[in-house]
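Let me begin by presenting the structure, written as structure tokens, before commenting on it.
Below, all heavy atoms of this structure are taken into account, side chains as well, without hydrogens, waters or symmetry copies. Only a predicted model underlies this, so the values are computations on that prediction, with no experimental measurement involved. Numbers for residues simply follow the sequence, beginning at 1.
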Amino acid sequence: MPSVELLIAFVVTTSIFAFIPGPSMLYAAAQTMAGGRRSGFMATLGIHVGCYVHVIAAAAGLSILFHAVPTLYLAVKLAGAAYLIWLGIALLRTRVTGETGIPVIKPKSARRAFAESMTVEVLNPKTAIFFLAFLPQFIDATASFPVWVQFLILGTIVNIMFSFADVVCVMLAGAVIEKLRHSSRVQNMMQRAGGAILVGLGVHVALQRS
């Protein structure tokens, strides 16, 4: 394994990156706003599991394909952007009413929230590029562990820390929503806001040059 000093630098740097608001944190917050805390937690779990695809790809050296084949990177990026926009539009168009005619939010099933979030993460090539650019700075080629094992270990630590930050975000968003849930108007606004965030994220991903 890398030296203690290198590991400390790795943990500190990862912590800073983890708690800087980014796409995954905004996505988890959007799902919480649209479907409640349970949907937010399942979204975080889906992102966490999906991220392991990129960790394994980085360890196997597959992430370098995105550098070698720009067309592949663009195709995956646009597919992920389109999927985010589709999810956002679905939220914006959803109109659910209860027996009294008052709009209410029906949380997604755990399986659906998980599957959608995992798909979003797998179709995010920027995660693969991040691991490819970030992890090698903390890899020690002279360590007793092979480089690919170090990639797996460090990638798993990164994933756990980022997911912890997402959980904190979901809890904060859920606490706010819990106080406002008795207002049907606010519930509708939260659902639309969640949909708008997803559409905005999708447009942002699509228009990014790299």
Side-chain angles (χ1 to χ4, degrees), residues 18 21-60 62-63 65-66 72-96 104-131 152 155-174 177 187-188 190-206 208:
S24 66
M25 193 176 289
L26 289 175
Y27 178 84
Q31 291 290 1
T32 306
M33 294 169 66
R37 188 176 295 176
R38 183 167 179 266
S39 291
F41 283 136
M42 293 309 299
T44 298
L45 180 60
I47 292 172
H48 181 80
V49 173
C51 189
Y52 283 117
V53 172
H54 297 295
V55 173
I56 294 172
L62 298 178
S63 297
L65 285 174
F66 286 126
L72 176 62
Y73 174 87
L74 180 62
V76 174
K77 184 182 76 167
L78 292 179
Y83 189 63
L84 277 171
I85 293 172
W86 179 77
L87 291 177
I89 292 176
L91 279 178
L92 291 172
R93 296 181 62 185
T94 298
R95 294 180 181 179
V96 183
V104 296
I105 296 175
K106 284 188 176 181
K108 296 178 181 178
S109 68
R111 181 177 300 178
R112 180 181 174 187
F114 173 82
E116 287 181 353
S117 304
M118 186 171 67
T119 302
V120 165
E121 183 62 15
V122 170
L123 291 177
N124 181 12
K126 278 199 165 292
T127 302
I129 297 299
F130 171 79
F131 281 122
L152 287 178
T156 298
I157 293 174
V158 169
N159 196 14
I160 291 173
M161 294 181 71
F162 271 70
S163 294
F164 176 74
D166 291 343
V167 167
V168 172
C169 179
V170 169
M171 292 178 67
L172 292 175
I177 293 173
Q187 287 186 9
N188 264 340
M190 288 294 182
Q191 182 165 351
R192 290 190 173 89
I197 290 174
L198 294 184
V199 171
L201 280 174
V203 173
H204 176 70
V205 169
Q208 280 185 318

Practice task
List the steps, then state whether side-chain contact (heavy atoms from CB on, under 4.5 Å) holds for Gln31 with Val170.
Solution key: CA-CA 9 Å; Gln31 291 290 1; Val170 169; over 6 Å; no
Handout entry: Stepwise side-chain contact (heavy atoms from CB on, under 4.5 Å) test for Leu45 and Met118
Key = CA-CA 8 Å; Leu45 180 60; Met118 186 171 67; over 6 Å; no
Problem - Gap separating the CG atom of Asp166 from the NE2 atom of His48, nearest 0.5 angstrom - result: 10.5 Å
Handout entry: Nearest atoms (heavy-atom pairs only) where Ile197 meets Met33
Key = CD1-SD, 4.0 Å
Completion exercise
Smallest heavy-atom separation, Phe131 atom then Ala58 atom, equals CB-CB, 4.1 Å
Fill in the blank from the handout: Closest heavy-atom pair, Thr119 versus Ala115, reported as atoms and distance to 0.1 Å, is OG1-O, 2.8 Å
Fill in the blank from the handout: Closest non-hydrogen atoms of Thr32 and Ala173, given as atom of the first, atom of the second and distance, are CG2-CB, 3.9 Å
Problem - Neighbour count >12 (heavy atoms, 6.0 Å) for atom CZ, Phe164 - result: no
Practice task
Indicate yes or no: at least one non-hydrogen side-chain atom of Met171 is less than 4.5 angstrom from one of Phe41.
Solution key: yes
Fill in the blank from the handout: Shortest non-hydrogen pair, Lys77 vs Ala206, comes out as NZ-O, 3.8 Å
Handout entry: Any Val120 side-chain heavy atom under 4.5 Å of Ile47 side chain
Key = no
Problem - Residue pair Ser24 / Glu121, side-chain donor-acceptor N/O under 3.5 Å - result: no
Completion exercise
For Leu198 and Ala30, the nearest pair of non-hydrogen atoms, with its separation, is CD2-CB, 3.9 Å
Exercise for the section: Supply the atom-to-atom distance Ile56 CD1 to Thr156 OG1, rounded to the nearest 0.5 angstrom. Expected result: 8.5 Å
Practice task
Verify side-chain contact (heavy atoms from CB on, under 4.5 Å) between Tyr27 and Leu87, making sure each step is shown before the conclusion.
Solution key: CA-CA 11 Å; Tyr27 178 84; Leu87 291 177; 3.9 Å; yes
